[in-house]
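Structure first, commentary second.
Proteins get letters first, then strands, A, B, ... in listed order; numbering begins at 1 in each. These values consider heavy atoms only, across backbone and side chains, with no hydrogens, waters or symmetry-generated copies.
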Amino acid sequence: MAISYWLMKSEPSAFSIEDLKNSEGKTTYWNGVRNYQARNFLRDEIKKGDKVLFYHSNAEPTAAVGVCEVVKSGYPDYTAFDPESKYFDPKSTPDNPTWYMVDIKLKSVFKKAVTLEQMRMNSKLKEMKLLQRGNRLSVLPVTKEEFDTILKMGE
DNA sequence: GCCAACGTTGGC
DNA sequence: GCCAACGTTGGC
């Protein structure tokens, strides 16, 4: 099966690509998604081996900063079961989980971060979901062409 | 810090 | 089921 491409947003003040680099095995679980559309991607679409652009939102600058690979496809986000967690959601139970997450591993950090401005200026990327108005999803599908274009821009 | 966009909640 | 109020996201 062909692999898919994704873009995942993180606020660097919460979890940056540097934090990922310093994580054990350069791997982390991508938890805390509490949006149904994004949940559906995590639960149903994102598979082991898929490639992911790591994106810094609410940052200076906002930019794609590296590439990750999915090492574990969707499984229940157990932080939703923990009353102590800030991601706790009483509607989600182990028997019937509402929320899902995946594990990602850092593959490479861009030599040059690809800023949102650069993406907007590249006509090849004008269809990108990230650039469309009002898109607040923290997980977005990216086409192979868009992925490859951004990869080149980051070299 | 502001505010547009948009998702969620809850009264009816 | 409608929709106003409210909360959150995220670019600027």
*Would you call the rings of A:Tyr78 and A:Tyr75 parallel, tilted or perpendicular if under 30° counts as parallel and over 60° as perpendicular?*
tilted
*Please check if atom CD in A:Glu117 has more than 12 non-hydrogen atoms from other residues, nucleotides or ligands closer than 6.0 Å.*
no
*Measure from the side-chain N and O atoms of A:His56 to the backbone N and O of A:Ile17, and report whether any donor-acceptor pair falls under 3.5 Å.*
yes
*Sole residue of A:Arg39, A:Arg43, A:Arg34 in side-chain hydrogen bond (donor to acceptor under 3.5 Å, both in side chains) with A:Asp77*: A:Arg34
*Once the angle between the rings of A:Phe54 and A:Phe15 is folded into 0 to 90°, is it parallel (under 30°), tilted (30 to 60°) or perpendicular (over 60°)?*
tilted
*How does each nucleotide of nucleotides 5-11 of chain B score, in 5' to 3' order, for protein heavy atoms under 4.0 Å: base (B), sugar-phosphate only (S), or none (-)?*
BBSS---
*Verify the ring-centre separation between A:Trp99 and A:Tyr36: is it less than 6.0 angstrom?*
yes
*Any residue of residues 51-62 of chain A with a heavy atom less than 4.0 Å from an atom of DNA chain C*: A:Tyr55, A:Ser57, A:Asn58, A:Thr62
*Verify the neighbour count for atom NZ of A:Lys47: are there more than 12 heavy atoms of other residues, nucleotides or ligands below 6.0 Å?*
yes
